[in-house]
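Computed from heavy atoms alone, side chains included, the values below leave out hydrogens, waters and symmetry copies.
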Amino acid sequence: MARLNPDTPFLHPDCEVNDTQFGRYVEIGRGSRLNHSSINDYSYCDRWCDIANTQVGKFSNIAASVRIGATDHPMEKASLHHFHYRAGDYFDGAEDDAAWFALRRSRRTVIGHDTWLGHGAQVRPEVSIGHGAVVAGGAIVTRDVPSYMIVAGIPAKPLRRRFSEDVAARMEEMAWWDWPHERLETSLQDFQTLAAEAFLEKYG
């Protein structure tokens, strides 16, 4: 029997999950923290990931210790410290700053389908990672990444395209990530053995 299933996400021990929706065949690694996010079909993260205010597409591969949508501190105010927006933790009768938390949650990060985020990568709030893109381990992504682009560094910069523009466009048009589970199974051997161009010739 397959380890993952369409009905219940596979959550490893010590995960913290708040206001997060899961698609089918999802796996969340040990000790990961997810807040105000959605993790779509077949996507997974490895251990110790921190994902906030983020929409993760289908078939996303998120390595260990990745942080997405890291929350900000209010740099324009007199203090960076959270005593003034988490005031209820410090002062009797004080209230937390609901408007500040609403602003944080509105700054959504979007991770496309069939993406790969390497170990220890960070993706800032309001950044979009295109379909099929690769973020190298340790990179800090501060700007949008085009589909099928490989980026690396601090801040992350383009290294090269995964595929030619023509192949990338045809792959996006085919949108195999929307295929039903049964079709993924029947084409499994071709996913395993064919290069992208040959796969497109057969299915595109």
Side-chain angles (χ1 to χ4, degrees), residues 12 15 20 23 25-73 75 104-178 191-200 204:
H12 289 261
C15 292
T20 295
Y25 303 98
V26 166
E27 182 171 11
I28 305 299
R30 175 185 289 272
S32 293
R33 181 172 67 168
L34 286 72
N35 283 298
H36 315 295
S37 296
S38 61
I39 313 295
N40 282 295
D41 299 349
Y42 303 91
S43 290
Y44 70 88
C45 67
D46 204 341
R47 297 152 291 171
W48 315 115
C49 291
D50 194 327
I51 301 172
N53 310 315
T54 296
Q55 174 186 317
V56 176
K58 301 174 183 178
F59 296 90
S60 188
N61 310 272
I62 302 174
S65 302
V66 168
R67 189 165 193 191
I68 306 173
T71 53
D72 293 324
H73 291 260
M75 293 192 293
R104 270 185 172 178
R105 292 174 191 169
S106 72
R107 301 184 63 212
R108 306 289 290 178
T109 302
V110 177
I111 309 298
H113 306 307
D114 195 39
T115 46
W116 176 19
L117 280 64
H119 177 86
Q122 297 183 46
V123 183
R124 298 292 299 151
E126 294 186 293
V127 168
S128 292
I129 307 294
H131 305 319
V134 176
V135 176
I140 299 180
V141 184
T142 60
R143 296 184 179 182
D144 291 353
V145 176
S147 292
Y148 292 96
M149 183 64 70
I150 301 171
V151 299
I154 302 175
K157 296 181 180 179
L159 291 181
R160 63 178 176 85
R161 299 187 61 86
R162 267 185 66 199
F163 304 138
S164 69
E165 290 188 24
D166 175 65
V167 168
R170 291 167 62 199
M171 197 70 75
E172 287 194 81
E173 183 178 358
M174 182 172 63
W176 62 261
W177 41 77
D178 291 330
F191 274 105
Q192 293 172 333
T193 60
L194 296 181
E197 293 86 347
F199 193 88
L200 283 167

**Request:** Begin from the C-alpha positions of Ile51 and Ile62 and carry the test side-chain contact (heavy atoms from CB on, under 4.5 Å) through to its verdict.
**Result:** CA-CA 10 Å; Ile51 301 172; Ile62 302 174; 4.2 Å; yes

**Request:** Just do the side chain to side chain donor-acceptor pair (under 3.5 Å) check on Thr115 and Ser60 with the steps written out, would you?
**Result:** CA-CA 5 Å; Thr115 46; Ser60 188; 2.8 Å; yes

**Message:** Could you walk me through whether Asn61 and Tyr44 satisfy the side-chain contact (heavy atoms from CB on, under 4.5 Å) test, starting with their C-alpha distance in whole Å, then the side-chain angles of each, then the deciding distance to 0.1 Å, before giving a yes or no?
**Reply:** CA-CA 6 Å; Asn61 310 272; Tyr44 70 88; 3.2 Å; yes

**Message:** With side-chain contact (heavy atoms from CB on, under 4.5 Å) as the criterion, how do Arg170 and Phe163 come out once you've worked through the C-alpha distance, each side chain's angles and the decisive distance to 0.1 Å?
**Reply:** CA-CA 10 Å; Arg170 291 167 62 199; Phe163 304 138; over 6 Å; no

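Side-chain contact between Ile28 and Cys45 is present, with at least one heavy-atom pair separated by less than 4.5 Å.
Looking at residues two or more places apart in sequence or on another chain, you find a ring-ring contact (aromatic ring centres under 6.0 Å, His included) between Trp177 and His113, His131. Scored by the ring-ring contact (aromatic ring centres under 6.0 Å, His included) test, His36 finds no partners at all (sequence neighbours excluded). Partners of Arg47 under the salt bridge (charged side-chain N to carboxylate O under 4.0 Å, His left out) rule, at least two apart in sequence or in another chain, do not exist in this structure. Applying the ring-ring contact (aromatic ring centres under 6.0 Å, His included) rule to His12 yields the partners Phe10; only residues at least two apart in sequence or on another chain are considered. Applying the side chain to side chain contact (heavy atoms under 4.5 Å, CB included) criterion to Trp176, with sequence neighbours excluded, gives Phe59, Asp114, Met171, Met174, Trp179, Leu184, Phe191.
Residues Ala63 and Cys49 come closest through the heavy atom pair O-SG, 3.1 Å. The nearest pair of heavy atoms linking Ala196 to Val167 is CB-CG1, 4.4 Å. Heavy atoms only, all atoms of each residue included: Val26 and Asn40 are closest at CG2-O, 3.4 Å. Between Gly69 and Asn53 the shortest heavy-atom distance is O-ND2, 4.4 Å. Ala64 approaches His119 most closely through the heavy-atom pair O-ND1, 3.2 Å. Ala133 and Pro146 get closest at one heavy-atom pair: CB-O, 3.8 Å.
Other residues, nucleotides and ligands place more than 12 heavy atoms under 6.0 Å from the CD atom of Gln192. With a 6.0 Å radius and a threshold of 12 heavy atoms from other residues, nucleotides or ligands, Arg33 has its CZ atom at or below the threshold.
With Met149 as the fixed residue, the side-chain contact (heavy atoms from CB on, under 4.5 Å) test singles out one of Arg162, Arg161, Arg160: Arg161.
Between the CZ atom of Arg67 and the OG1 atom of Thr109 there is a distance of 11.0 Å, given to the nearest 0.5 Å. How far CD1 of Ile39 is from CG of Leu34: 5.0 Å, rounded to the nearest 0.5 Å. Atom CG of Asp50 sits about 7.5 Å away from atom OG1 of Thr71, to the nearest 0.5 Å. With values rounded to the nearest 0.5 angstrom, Ile111 atom CD1 is found 4.5 Å from Ile68 atom CD1.
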What donor-acceptor contacts under 3.5 angstrom involve side-chain atoms of residues 120-129, with partners at least two apart or in another chain?
unit_1, atom_1, unit_2, atom_2, d
Arg124, NH2, Asp72, OD1, 2.6
Glu126, OE1, Arg107, NE, 2.8
Glu126, OE1, Arg107, NH2, 3.2

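A donor-acceptor distance shorter than 3.5 angstrom exists from the side chain of Ser43 to the backbone of Gly57, with no hydrogens or angles considered. At least one donor-acceptor pair under 3.5 Å links the side chain of Ser32 to the backbone N or O of Asp46.
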